[in-house]
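Fair warning: this is a prediction, and the values are worked out from it, not measured in the lab. Side-chain atoms are counted along with the backbone in the values below, which use heavy atoms only and exclude waters and symmetry mates. Just so you know, residue 1 is the first one in the sequence shown, and it goes up from there.
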Amino acid sequence: MDTNNKNHHFLSALNFKKTPYTPVWIMRQAGRYLPEYRQIREKAGSFMSLCTTPELACEVTLQPLKRFDLDAAILFSDILTIPDAMGLGLYFIEGEGPKFKKPINSIKDIEKLPIIDVEDKLKYVMDAVRLIRGELNNKTPLIGFSGSPWTLSTYMIEGQSSRDFAKTKKMLYNEPKSLHLLLEKLSTIVAEYLNCQIKNGAQAVQIFDTWGGVLSPDMYDEFSLPYMAKIIKKIKDKNPTIPIIIFSKNVKISQRQINTGCNAIGLDWTSDIKEARTFANDKVALQGNLDPAILYADESVIEKEVSRVLEQYGTGEGHIFNLGHGITPEVDPDKLKFLVDTVHNLSAKYHS
């Protein structure tokens, strides 16, 4: 396996260029399943302190690369840094997740939201990007990211994570103009946020539409996808060669997603990657899509499932191996090492 030019394998796959194996990175590859992460998290004192201290964010980003033969690093941060910078007051409660002190309750709250200067308000993110890129020294590419406008809006309206998204959907159906105003503001900020990450060293970006799948197909096409398309256009206008990945959890691939101009579409484990590839017809690369729970299984089961995904995608380029969502905290790191090595070893024959 050629590891000397890993900087181009992940990026090459996004552009359908030949690679010696299928590149792999893992969503949430830096996180609580690593003992070294837990040590730094304790040292930082809080999750937000970890995110807002560039040196610590850099160290955490690099931790999985020291353990595993990954083909990309992803910036350690949180999707909710944007609404926090807009004044909603983000905080975290152990075991309960993120919460906002000032959730959105009315059109007036939306109208008052500022279009922030991301280079100023989120300077700590850009500082972290530069630090990480310098430490990587072009050996491994760096992925920047943001939440999608729709996903960000659900947290901002609900004030926290939600099971039924009742407040957000109430606004969607009763006050759609209010929700569109919020999404429009967020799309402007997200586009600038990602362009700034690129300016400071990110070599690809991913838009996490974590809650896209709670929308009906029609509502997804109205309240989520068009705003990601606006972001992609604004990025491509400034950075035409930067690859962009969109990941809408629990949403099947569609021509409308392909038409956004993205370079790759992330698939969760409920999608059939063979069907997705046939549908995409190599117009976009595909990322995914193993069930994260596979990492609780024996190595023989992991190997079987990795082999299945690779076989379903088939020969040729345009595949980035990943889980269908983020790695979970209770996973044994040795299982992830086995998965990454297995992807590299088993995928070579599909690139001969």
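Evaluated for a side chain to side chain contact (heavy atoms under 4.5 Å, CB included) with T168, the options I104, V214, T154 yield exactly one hit, T154. Paired with Q29 under the rule side chain to side chain contact (heavy atoms under 4.5 Å, CB included), one option of L70, T61, I327 passes, and it is L70.
Cluster annotation: I93 is not connected to F47 through the hydrophobic network of ILVMFWY side chains, with a link wherever side-chain heavy atoms come within less than 4.5 Å. Cluster annotation: L290 and W269 are assigned to distinct hydrophobic clusters (Ile/Leu/Val/Met/Phe/Trp/Tyr, side-chain heavy-atom contacts under 4.5 Å, transitive). Clustering ILVMFWY residues whenever any of their side-chain heavy atoms sit less than 4.5 angstrom apart, transitively, puts Y91 in a cluster other than the one holding L88.
In this model, no donor atom of one side chain and acceptor atom of the other lie less than 3.5 Å apart for N239 and K234. Of the N and O atoms on the side chains of Y33 and T328, not one donor lies less than 3.5 Å from an acceptor on the other residue. Checked by atom type, the side-chain pair E222/H180 shows a donor-acceptor distance below 3.5 Å. Donor-acceptor pairing under 3.5 Å is lacking for the side chains of S12 and E317.
Between I157 and L179, some side-chain heavy-atom pair lies under the 4.5 Å cut-off. Side-chain atoms of N322 and I26, non-hydrogen and from C-beta on, do get closer than 4.5 Å to each other. At a threshold of 4.5 Å between non-hydrogen side-chain atoms, the residues N138 and Q203 count as touching. Looking only at side-chain heavy atoms (C-beta outward), M228 and D209 come within less than 4.5 Å of each other. Taking the side chain as every heavy atom from C-beta outward, M171 and I110 approach each other to under 4.5 Å. Side-chain contact check for S146 versus V205: every heavy-atom pair is 4.5 Å or farther apart.
A distance-only check finds no donor-acceptor pair linking the side chain of D71 to the backbone of T140 [under 3.5 Å].
Closest non-hydrogen pair, S77 versus T81, comes out as OG-CG2, 3.7 Å. The heavy-atom pair separating L90 from P98 by the smallest distance is CD1-CB, 3.9 Å.
Centroid-to-centroid, the aromatic rings of F145 and F208 come within less than 6.0 Å. Remark: aromatic rings of H344 and Y21 are close, center separation under 6.0 Å.
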Go through the steps to decide whether E59 and E36 satisfy the test side chain to side chain contact (heavy atoms under 4.5 Å, CB included), and finish with yes or no. CA-CA 10 Å; E59 188 173 348; E36 56 267 40; over 6 Å; no
Please evaluate residues F338 and F68 with respect to the criterion ring-ring contact (aromatic ring centres under 6.0 Å, His included), reporting the C-alpha separation (whole Å), side-chain torsions for both, the decisive distance (0.1 Å), and the verdict. CA-CA 9 Å; F338 180 81; F68 316 118; over 10 Å; no
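Classification of the W150-F223 ring pair by plane angle, with boundaries at 30° and 60°, yields tilted. Ring orientation note: the planes of W25 and F10 are nearly perpendicular, at an angle over 60° on the 30°/60° scale.
The hydrophobic side chain of L131 is isolated, with no ILVMFWY side chain under 4.5 Å apart from it.
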Would you tabulate the side-chain donor-acceptor contacts of residues 302-311 under 3.5 Å, counting partners in other chains and residues two or more places apart, or write 'none'?
| residue | atom | partner | partner atom | Å |
| --- | --- | --- | --- | --- |
| E305 | OE1 | R308 | NE | 2.9 |
| E305 | OE1 | R308 | NH2 | 2.9 |
| R308 | NH1 | Q312 | OE1 | 3.3 |

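Checked for salt-bridge contact, D282 and R277 meet the test: a charged N lies under 4.0 Å from a carboxylate O.
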